[in-house]
Amino acid sequence: MHAKKSDYISNEVEKFRMYLEGEKKSENTISEYVYFTKQMLEYVGKRYQDINAGDLRRYKIYISTKKSYSKNSIYLALKAITSYLRFRGRDDLIKVISAPKRPKQMPKYLTEDEVRRLLSAAEGNSRDYAIISLLVYSGLRVSELCNLRLEDVDLGERVIYVHSGKGDKDRIVVISEKAAEAIESYLMSRSDDLEYLFSSRKSSRITRVQVFRIVKKYAELAGIRKNVTPHVLRHTLATTMLRRGVDIRYIQQFLGHSSVATTQIYTHVDDEAMKKVYDKVMQEY
């Protein structure tokens, strides 16, 4: 019986994974949604047709007490379960599992000195230096960086063509001369004919996990005590652009946000910088 239950859950989460891929969800979202859905099915121990409101209420109590999840993790878990219930046509249960309001968090970012130290720490490895330079100067999502093909990069024009990013919106990203030079130096060191811009010893395309490890490794070497991730570098670019007076609508386009409301969070990051920008452009009437 236990084996049958395990087989059912494995098949069920695989079907859900395929559904999410069809919905063009990011790799990170798919991974999170599948994890929480599997956890819920294992806890409830029932087929989706037999799940009731009481099961879901007990699951909510379980993750907030026994698992001691943070508000953010509870929000993600319930969002994942809601998506699964929609997939299985169990809309009658969605009200029971509705996610609590997500706590607003200020995006973490690096100072300009920390960015310089991070880049300097990676200079000895051409591939890693190119990866960090691209993340720092382009604001690409990690999944977008992993999916870049050689044909997507025009170093002469200093542009990168990002295909089917989050929300299935293609866009063009401009990169700095430093980033272009770092990529060119890395490509000159390669002797393969692989199609992806960044590869590893084990595969023709670098993985998200590998990029996370690379960023973490050089952040530690640079003596940066913050938890540095590719997304922190994305936040850093947005914050730097805003601090230097770039219009938020340009930042929105640059990051590939579908709405300026998503970009709006960066306006709260640095109040002192905002005052300086304001005083620079506003005169008394």
Side-chain angles (χ1 to χ4, degrees), residues 26-28 107-112 114-123 125-187 190 195-199 205-208 210-216 218-219 222 224 228-258 260 262-263 265-266 269:
S26 71
E27 289 176 34
N28 194 41
K108 295 180 178 68
Y109 61 98
L110 302 185
T111 64
E112 292 183 27
E114 286 170 334
V115 173
R116 283 191 286 272
R117 280 158 48 200
L118 179 67
L119 286 165
S120 179
E123 276 184 329
N125 183 303
S126 63
R127 184 200 64 174
D128 295 355
Y129 181 65
I131 286 171
I132 289 176
S133 295
L134 189 52
L135 288 171
V136 162
Y137 286 110
S138 73
L140 287 177
R141 299 178 178 95
V142 64
S143 57
E144 292 170 343
L145 179 137
C146 293
N147 289 327
L148 281 178
R149 288 176 164 82
L150 290 170
E151 64 196 36
D152 298 329
V153 182
D154 186 336
L155 294 177
E157 293 294 327
R158 291 193 295 111
V159 295
I160 287 176
Y161 300 92
V162 181
H163 301 289
S164 299
K166 194 173 180 183
D168 206 22
K169 286 185 172 65
D170 293 353
R171 72 184 192 279
I172 294 174
V173 172
V174 181
I175 59 172
S176 71
E177 283 186 20
K178 275 191 177 180
E181 286 169 6
I183 293 169
E184 185 176 9
S185 177
Y186 160 61
L187 291 176
R190 277 174 60 170
E195 62 176 317
Y196 288 97
L197 178 60
F198 295 112
S199 62
R205 180 177 65 164
I206 202 161
T207 65
R208 293 177 70 258
Q210 287 170 322
V211 176
F212 270 83
R213 284 176 182 160
I214 287 165
V215 172
K216 186 178 177 65
Y218 292 107
I224 300 167
V228 187
T229 66
H231 216 69
V232 167
L233 301 184
R234 182 170 159 83
H235 290 324
T236 300
L237 178 79
T239 306
T240 303
M241 291 178 111
L242 187 74
R243 188 185 289 128
R244 294 180 180 180
V246 178
D247 189 296
I248 196 164
R249 287 168 298 179
Y250 286 108
I251 301 174
Q252 175 202 349
Q253 293 293 321
F254 203 81
L255 296 179
H257 288 159
S258 55
V260 76
T262 311
T263 322
I265 190 168
Y266 297 110
V269 169

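Predicted, not measured: the structure shown is a model, and the values here were computed from it.
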Check against side-chain contact (heavy atoms from CB on, under 4.5 Å), Leu237 and Tyr137: CA-CA 7 Å; Leu237 178 79; Tyr137 286 110; 5.5 Å; no
Verdict with reasoning, Arg158 to Val174, per side-chain contact (heavy atoms from CB on, under 4.5 Å): CA-CA 6 Å; Arg158 291 193 295 111; Val174 181; 4.2 Å; yes
Side chain to side chain donor-acceptor pair (under 3.5 Å) evaluation trace for His163 with Asn147: CA-CA 8 Å; His163 301 289; Asn147 289 327; over 6 Å; no
side-chain contact (heavy atoms from CB on, under 4.5 Å) assessment of Thr240 paired with Val115: CA-CA 11 Å; Thr240 303; Val115 173; 6.0 Å; no
Working for side-chain contact (heavy atoms from CB on, under 4.5 Å), residues Ile206 and Ile131: CA-CA 10 Å; Ile206 202 161; Ile131 286 171; 3.7 Å; yes
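Between Gln210 atom CD and Arg208 atom CZ the span is 12.0 Å, to the nearest 0.5 Å. The OH atom of Tyr196 sits 9.5 Å away from the CG atom of Asp152 when rounded to the nearest 0.5 Å. Of the inter-residue distances, the one linking Leu155 atom CG with Glu181 atom CD reads 10.0 Å to the nearest 0.5 angstrom. Interatomic distance, Glu144 CD to Arg234 CZ, rounded to the nearest 0.5 Å: 6.5 Å. Atoms CZ and CD, from Arg205 and Glu195 in turn, are 9.0 Å apart once rounded to the nearest 0.5 Å. Note that CD1 of Ile132 and CD1 of Ile214 are 7.5 Å apart. Values are rounded to the nearest 0.5 Å.
When all heavy atoms of Lys108 and His235 are compared, the pair lying nearest together is O-CB, 3.2 Å. Among all heavy-atom pairs drawn from Leu135 and Leu140, the shortest one is CD2-O, 3.8 Å. Scanning all heavy atoms of the two residues, the minimum distance from Tyr129 to Glu123 falls at CE1-CG, 3.6 Å. Closest approach of Tyr186 and Ala130 over heavy atoms only: CB-CB, 3.9 Å. Residue Leu255 comes nearest to Ala238 through the heavy atom pair CD1-CB, 3.8 Å, listed as atom of the first residue, atom of the second, then distance. Of all the heavy atoms in Tyr161 and Leu148, the pair that sits closest is O-CD2, 3.9 Å.
At least one side-chain heavy atom of Val232 sits less than 4.5 Å from a side-chain heavy atom of Leu110. For the pair Ile175/Ile160, a side-chain contact is recorded, criterion being any heavy-atom separation below 4.5 Å from C-beta on. Side-chain contact between Val211 and Phe198: absent, with no pair of heavy atoms (C-beta onward) separated by less than 4.5 Å. Side-chain contact between Thr229 and Val215: absent, with no pair of heavy atoms (C-beta onward) separated by less than 4.5 Å. A 4.5 Å side-chain heavy-atom check between Leu118 and Leu233 finds at least one atom pair inside the cut-off. Counting only heavy atoms from C-beta outward, the side chains of Cys146 and Glu27 never approach each other to under 4.5 Å. In this structure, the side chains of Val153 and Leu187 stay at 4.5 Å or more apart for every pair of heavy atoms. Using a 4.5 Å cut-off on side-chain heavy atoms (C-beta onward), Ser133 and Leu119 make contact.
Taking a 6.0 Å sphere around CD of Glu157, one finds it holds 12 or fewer heavy atoms contributed by other residues, nucleotides or ligands. Within 6.0 Å of atom CZ in Arg213, 12 or fewer heavy atoms from other residues, nucleotides or ligands are found, so the atom counts as exposed in its surroundings.
For Asn125 (side chain) and Ala122 (main-chain N/O), no donor-acceptor pair under 3.5 Å exists by modelled atom type.
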